[in-house]
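Structure, as structure tokens:
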Amino acid sequence: MAKEIKKIGVFTSGGDSPGMNAAIRSVVRTCAYLNLDCVGIYRGYQGMIEGDFKPMDARSVNNIINKGGTILKSARCDEFRTPEGRKKAHDQLVSEGIHALVVIGGNGSFAGALLFNEEFDFPVMGIPGTIDNDILGSSFTIGFDTAINTVVGAIDKIRDTASSHNRLFFIEVMGRDVGHIALNAGVGAGAEEILIPEQNLGLERLLDSLKRSKKSGKSSSIVIVAEGDRTGKNVFELKEYVEEHLPIYDVRVSVLGHMQRGGNPTCFDRVLASRMGVKAVESLLEGKSNYMVGIRDTQLILTPISEAIKAHTDIDEELIRVSDIMTT
Ligand code: F6P
């Protein structure tokens, strides 16, 4: 029989993402609604090991739905990778009387949760929070929509100056090993080329495409480069390469960096986070454990964490085709 759950711990882990606060708020308010105690665990697994806990009631999450970052802070924790670290974390949870966990994070955070569940039979439920949108079992992760809108806004601004000076810009965007941010923001901002890890078309094609651009009368160009791109050259090396082979171009580089992780979440991310928080708590109460809440079409679904962490979500081939057509 499933253990009775009266107190739930919630934490954020790994890289923060806009909408994590909305997810925390949702978990806390759902607990309040269902007369459960809720405890915020600060700094992810590190705070769990150290017993950095704070009881949270419905009012403790006032005015955070609109805020980027995470009020519970986040961390990447090496100690939790060790059996001793996980044992310490378990002892802290038991002494605090916490019966189940909701982890808001990405792949690494879920892998830790899975291990923890296997070792201590501790109920866990995952909510995907990362700007990378790389988690199997959800078409969207919390923070992705905000991040691509932030990136599009930044590219729009760069385009203004690029076109004023007839320049070519290489813009590096985040996404770790996947190209979802690059492809979506690239199409949304009308980039001339998008380099993503899932599709290495080689440098020749880049030169050809830039030559064609010039020939067709374009005076400025934007090339989006996913940080995990596999051409073998980073944005600065790409700049040198193009300057060497196509001296006609005046090239500049912009690395957008961590600004992509900040900012107020979009309405989409706030609603997604609110829905996922409710589903996570309700699923734990139904006796489910070791699942991640995800969204497919418009429906919330549960995927075993063991499946969710197996691979990254595939890139959208149709969107690649659209991007190819749009760059003619
Ligand atoms: O996973 C989110 C992410 O922002 C990736 O896109 C990026 O590669 C990484 O985190 C950066 O991590 P950190 O903030 O630890 O440098």
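Numbering starts at 1 and runs along the sequence shown. Everything numeric in this text was worked out from a predicted model, so none of it was measured. Start at 1 and go down the list; that is how both ligands and their atoms are numbered.
- Using a 4.0 Å cut-off between heavy atoms, Gln260 makes no contact with ligand 1 at all.
- In the hydrophobic clustering, Val242 connects to Leu168, Phe170, Leu195, Leu203, Leu206, Leu207, Leu210, Val223, Val225, Val235, Phe236, Leu238, Tyr241, Leu246, Ile248, Tyr249, Val251, Val253, Val255, either directly or through intervening members, whenever side-chain heavy atoms lie under 4.5 Å apart.
- If you number the atoms of ligand 1 from 1 as listed, the ones under 4.0 Å from a heavy atom of His258 come out as 13 (P), 14 (O), 16 (O).
- At least one heavy atom of Gly175 sits less than 4.0 Å from an atom of ligand 1.
- On a distance-only criterion, Ile131 and ligand 1 share no N/O pair closer than 3.5 Å.
- Closest to atom 12 (O) of ligand 1 among all protein heavy atoms lies Arg76 NH2, 3.0 Å.
- For atom 2 (C) of ligand 1, the nearest non-hydrogen atom of the protein is Asp132 OD2, 3.3 Å.
- Nearest to atom 4 (O) of ligand 1 by heavy-atom distance, out of Arg176, Arg261, Glu227, is Arg261.
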Using ring pair (Phe, Tyr, Trp, His ring centres under 6.0 Å), reason through Phe116 and Phe80 one step at a time and then give a plain yes or no. CA-CA 9 Å; Phe116 192 68; Phe80 196 77; 5.7 Å; yes
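- Screening residues 307-328 for salt bridge (charged side-chain N to carboxylate O under 4.0 Å, His left out) gives Arg205-Asp324, Glu307-Lys310 as the qualifying pairs, with residues at least two apart or on separate chains.
- The pair Glu240-Lys233 does not count as a salt bridge, with every side-chain nitrogen at least 4.0 angstrom from each carboxylate oxygen.
- In this structure, Phe120 and His90 have parallel ring planes: the angle between them is below the 30° cut-off, well short of the 60° mark.
- Of the charged side-chain nitrogens involved, at least one lies within less than 4.0 Å of a carboxylate oxygen, so that Asp52 and Arg43 count as a salt-bridged pair.
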